[in-house]
2 protein chains.
Amino acid sequence: MEKYKLGDKVFDCPVGLASNAINGKWKLQILNLLSQEECMRYGNLKRRIEDVSEKMLIQHLRELEQDGLIERKLYPEVPPRVEYALTEVGRQIIPVIVALKQWGQLFRI
Amino acid sequence: MEKYKLGDKVFDCPVGLASNAINGKWKLQILNLLSQEECMRYGNLKRRIEDVSEKMLIQHLRELEQDGLIERKLYPEVPPRVEYALTEVGRQIIPVIVALKQWGQLFRI
DNA sequence: CGGAATCCATTATGATACTG
DNA sequence: CAGTATCATAATGGATTCCG
C-alpha cells in the first residue's frame, strides 16, 4: 500500500496528509494571504488576520515552515525585518485555496 | 464590508468560513469518502477511516450535518441502518477535495 | 519589530465500556 | 448496527509580561 510522508509523519492517504498540514485555526488564512502577496511581513500578517494572537500566529507559521509550505526570511536590520513567503510546494497548494474561497463565497450574505 | 454566514457563525472572509467548516481531524477524510460513494453507512465510514474513535466520528458527522454539508438518512429497520451523503452544498466542495488530494500526492513515497 | 516565556482556561481528541 | 456515556489526556487559545 502506498504511503505519504510529510516531515516525520507518515500517512496512508494523501487527503490525510493534506488535512494534517492545513489543520489549524488560522493556517488556511495565512496561506491565502501569502498566495496573494509574493511575501508578507509578520506585522502585516498579524494585522490582516484579526483576532489571531501572536502566540498562535507564530506557532502556525513555524508549523507551516517545518512542513515546507512557507519560508521565513530574516533581514538582520535594525529594526529587524522578517518576511514570509510560500515555497514551491506551498505555491502548489494555491488551487486548494482558490477552490475553498469559491466555496465560501456561496455563503455570502 | 461583506460577510459570510454558516449556521449562526458569521465570518468576514470566505476562507475563514470554509476553514471553520472543514476544521477537524477527520472531516476532510469523511468528505473525501462521501464524495466517492454516493452514500455510505456509519459502520463503513468507521472501517474506512482507521484510527478514528466512534466519539470523534459521530461528533464530526453531527457538525458536518449541522453545517449543511452532509445529510443523515435513518432507515428504521432492524438492525438499524443509517446512511450519510453529501448535500448539494456538500457536493460543491468536491473541487477542494480533489485539489487537496492532488497536492497530497506530491508526498508519495 | 518580531518575537519568547509563562500561566491559565477552554477545546479537541481518545480509550473503554455499555445500550436500544 | 449505530450509536451513548464516562473518564482521561492532549492540543489549542488567550492574556500578560519581557527581550534583543
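Each chain gets a letter, A, B and so on, in the order the sequences are listed, and its residues count up from 1.
- Between the side chain of A:S19 and the backbone N or O of B:L28 there is no donor-acceptor pair closer than 3.5 Å.
- Side-chain atoms of A:N23 and B:K25 form no donor-acceptor pair, as typed in the model, at a separation below 3.5 Å.
- A:R91 places a side-chain N or O within donor-acceptor distance of the main-chain N or O of A:L86, the cut-off being under 3.5 Å.
- Judged by distance alone, with hydrogens and angles left aside, the side-chain atoms of B:R41 form no donor-acceptor pair with the main-chain N or O of B:V82 at under 3.5 Å.
- Shown for residues 36-45 of chain B: residues whose heavy atoms fall under 4.0 angstrom of DNA chain D, namely B:R41, B:Y42, B:G43.
- In the set C:dG3, C:dG2, C:dG20, the nucleotide with an atom closest to the side chain of B:P80 is C:dG20.
- The backbone N or O of A:E71 lies less than 3.5 Å from no partner atom in the side chain of A:T87, so there is not a single donor-acceptor pair.
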Look for any protein N or O under 3.5 Å of an N or O in nucleotides 12-15 of chain C and output each such pair with its distance, or none.
unit_1, atom_1, unit_2, atom_2, d
C:dT13, OP1, B:K25, N, 3.2
C:dT13, OP2, B:H60, NE2, 3.3
C:dT13, O4, B:K55, NZ, 2.8
C:dG14, OP1, B:K25, NZ, 2.2
C:dG14, OP2, B:W26, NE1, 3.2
C:dG14, O6, B:K55, NZ, 2.2

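- Here SG of B:C13 is found 11.5 Å from NZ of B:K3. Values are rounded to the nearest 0.5 Å.
- For the atom pair CZ of B:R72 and CG of B:L61, the computed distance is 9.5 Å after rounding to the nearest 0.5 Å.
- Here the C1' atom of nucleotide D:dT4 and the CD1 atom of B:I58 are 9 Å apart, to the nearest Å.
- Contact check, B:R72 against D:dG3: a side-chain N or O comes under 4.0 Å of OP1 or OP2.
- Of the possible polar contacts, none joining the A:S35 side chain to the A:I94 backbone as a donor-acceptor pair under 3.5 Å is found.
- Between the CD atom of A:E54 and the C1' atom of C:dA4 there is a distance of 10 Å, rounded to whole Å.
- Considering only side-chain N and O atoms, B:R47 lies nowhere under 4.0 angstrom from the phosphate OP1 or OP2 of D:dC1.
- Ion pairing of B:E63 with B:K27 is present here, as a side-chain N (NZ or NE/NH1/NH2) and a carboxylate O approach within less than 4.0 Å.
- Remark: the backbone N or O of B:V52 is paired with a side-chain donor or acceptor of B:K46 at under 3.5 angstrom.
- Remark: P of D:dG13 and CG of A:L61 are 13 Å apart, rounded to the nearest angstrom.
- Looking only at distances, no side-chain donor or acceptor of A:W103 sits under 3.5 Å from a matching main-chain atom of B:P14.
- Comparing the local axis fitted to the first five base pairs of the helix from C:dC1-D:dG20 to C:dG20-D:dC1 with the one fitted to its last five gives a bend of 60°, rounded to 10°.
- Note on A:Y84: only backbone sugar-phosphate atoms sit closer than 4.0 angstrom, heavy atoms only; bases stay farther off.
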